[in-house]
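Right, one structure below, let's go through it.
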Amino acid sequence: MAGEPAGYVSAIKSWISWSWTYLWILWFTLVIFLIYVLRGPLRISENITMASMFLNTLTPKFYVALTGTSSLISGLILIFEWWYFRKYGTSFIEQVSLNHISPWLGGGEPNEENGISNGGGGGGGSGSQQTAPECKVWRNPLSLFRGSEYNRFQTASSKEPLTYYDMNLSAQDHQTFFTCEYDAGKPEYEIMQTAWRERDPPTRIKSAHEALEKNPDCAPAYILLAEEEATTIIEAEKLFKQALKVAETQYRKSQQLQHQTAQYDALRRRDTNVLVYIRRRLAMCARKLGKLKEAVKMMRDLIKEFPMMNVFSIQENLIEALLEMQAYADVQAVLAKYDDISLPKSAAICYTAALLKARGVSDKFSPDVASKRGLSTVEMNAVEAIHRAVEFNPHVPKYLLETKSLILPPEHILKRGDSEAIAYAFFHLPHWKRVEGALNLLHCTWEGTFRMIPYPLEKGHLFYPYPTCTETIDRELLPAFHEISVYPKKELPFFILFTAGLCSFTALLALLTHQYPEPMGALARTVISWLALPLSYVVDKVEALLPSSLLQQLSRI
């Protein structure tokens with residue numbers, strides 16, 4: 001029995017919502033008609049006449065006081081709205097209208113209902129996470145080859161595809177991965193330590209050749225030549241295969257010397273990094289040359305042999321290669337292992353999970369049909385997966401939907417930033433196009449994510465709040481000719497802008513009325529008379545159309 005009153009209340013709410021959505025014109029017309037019919041009992045004509053006489057007798061001092069008071073009140077409202085926005089991130093008037101008025105009129109649901117977690121987890125909800133993680137720059141798992149890809153773009157377009165900041169980070173990575181204390185006193189490795197820090201590509205290449213002249217078994221020198229001197233992927237693959245032979249030999253030797261001294265342990269770590277890097281780049285060469293099965297096997301072997309080498313994110317290379325093979329079941333198996341709440345997320349993980357769920361419903365999805373019958377369980381799961389992915393990185397959809405132009409991805413990315421979105425979309429756009437209807441489903445649903453995230457967008461829903469330094473880091477990582485995509489957009493709410501405009505307008509009126517009281521008083525009376533003209537015109541027309549007997553009978557009623 002207790003549920004019946006709640007049912008009646010919800011029915012009344014839905015009826016009010018329906019009536020205000022479709023019958024507001026009829027309501028407005030009915031109100032105007034009743035006011036006209038009851039103008040006699042209500043003495044509307046007399047009141048209008050008295051009001052006009054009252055306005056004609058007003059002195060300019062009244063208009064000065066009126067505009068000054070209005071300006072003061074709107075200024076106080078503006079100050080309060082601004083303070084509330086700075087403290088809570090939203091407009092007080094908007095918050096009241098959304099939380100208390102809009103539910104009665106059918107404009108939306110309370111925020112608490114929108115806070116329910118979508119399946120699959122995230123990186124921690126906003127309720128339990130008070131601070132955002134720092135802006136950490138990651139090595140791009142799908143970075144291109146400088147000699148065979150970045151340099152070709154630079155030659156063709158005369159634009160720098162990589163920033164100095166990005167290349168400097170790569171030089172630091174190479175020094176960390178490919179050098180160690182054990183190399184002290186070895187001329188070939190000392191040359192390579194200097195080579196990684198060189199800004200001029202020909203100088204780096206020349207240093208690598210000098211290192212090979214001193215020691216033909218210098219694997220880091222082969223890596224540099226394969227990355228920067230090779231002009232095609234085939235040439236890069238040949239150099240990496242030469243490097244692999246050397247790296248495997250050195251790795252076996254260093255394995256026998258581990259746990260003896262700290263220097264030998266550092267040597268083993270360096271040789272492990274060199275071996276993993278070479279094998280991963282060879283797998284990427286195979287992927288680019290169309291040898292997908294070979295690439296997938298190499299990546300699986302790497303993950304199996306070196307499960308702790310998460311810094312290279314080899315699983316993302318594996319996911320991309322499996323998607324190219326359309327081996328969706330294998331992709332799902334990889335996601336089941338890496339899409340875990342305890343592991344760091346990425347755009348590749350989140351958007352691939354959304355793509356797989358969208359794949360089951362996107363070919364038959366129609367927004368018109370869905371709006372009439374509602375979303376099925378499978379469609380709801382797909383939409384929730386898209387919302388989860390968009391919340392993690394809101395920059396990706398514009399690139400996938402091709403409303404924003406793509407550029408070559410940088411060598412480093414900022415997770416949840418524009419750089420990560422470019423790196424993901426650059427390789428995964430064909431996979432979305434291959435799934436029929438997937439981009440249409442994304443187009444219809446991705447913007448709904450922002451209705452679920454508490455305003456402003458810095459507050460999180462399924463993940464940590466957005467880092468505040470994304471725009472600065474992305475500007476350093478991406479070339480100057482690219483327009484940075486920025487989220488969250490720090491836009492002032494409408495009511496703050498409206499109140500500011502109203503305050504400025506009334507303050508201007510108060511100033512003009514104080515300086516020119518007589519002309520402003522005459523202007524005010526003229527404006528009021530102009531505003532009354534349409535109403536008097538409508539009244540005259542209604543009196544001319546309706547019979548006087550009917551109006552007399554209605555007025556008596």
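- Ring to ring, Tyr189 and Phe178 are not that close: their centroids are 6.0 angstrom or more apart.
- Under a cut-off of 6.0 angstrom, the local environment of CD in Glu471 is sparse, with at most 12 non-hydrogen atoms contributed by other residues, nucleotides or ligands.
- Between Pro161 and Tyr150, the shortest heavy-atom distance links the atoms CG-O, 3.7 Å.
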Audit row: Tyr424, Tyr351, ring-ring contact (aromatic ring centres under 6.0 Å, His included) steps and yes/no
CA-CA 9 Å; Tyr424 172 80; Tyr351 277 90; 5.4 Å; yes
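- Remark: Lys345 is not positioned above the aromatic ring of Phe392, lacking an NZ or CZ atom under 6.0 angstrom from the ring centre and at most 45 degrees off the axis.
- No more than 12 heavy-atom neighbours from other residues, nucleotides or ligands sit within 6.0 angstrom of NZ on Lys206.
- With hydrogens and angles left out, the side-chain atoms of His431 and Glu320 include a donor and acceptor closer than 3.5 Å.
- Under 3.5 Å, the side chains of Tyr399 and Asp418 contain a donor-acceptor pair of N or O atoms.
- Ion pairing between a basic and an acidic side chain is recognised when a charged N comes within 4.0 Å of a carboxylate O; Asp301 and Lys297 show such pairing.
- Between the side chains of Ser170 and Arg139, a donor-acceptor pair is found at a separation under 3.5 Å.
- A donor atom on one side chain and an acceptor atom on the other are not found under 3.5 Å apart for Glu476 and Thr163.
- Residue-environment remark: CZ (Arg300) exceeds the threshold of 12 foreign heavy atoms within 6.0 Å.
- Salt-bridge annotation for Lys288 and Glu237: absent, with no side-chain N of the basic residue lying under 4.0 Å from a carboxylate O of the acidic one.
- Nearest heavy-atom pair across Ala219 and Val274 is CB-CG1, 3.8 Å.
- For the residue pair Thr176 / Gln172, no side-chain donor-acceptor distance below 3.5 Å is found, with atom types taken as modelled.
- A salt bridge does not link Glu436 with Arg359: every distance from a Lys NZ or Arg NE/NH1/NH2 to an Asp or Glu carboxylate oxygen is 4.0 Å or more.
- Gln193 and Gln175 share no side-chain donor-acceptor pair at under 3.5 Å.
- For Arg146 and Glu228, the salt-bridge test passes: some basic side-chain N is under 4.0 Å from an acidic carboxylate O.
- Judged by distance alone, the side chains of Asn140 and Glu411 never bring a donor and an acceptor atom under 3.5 Å apart.
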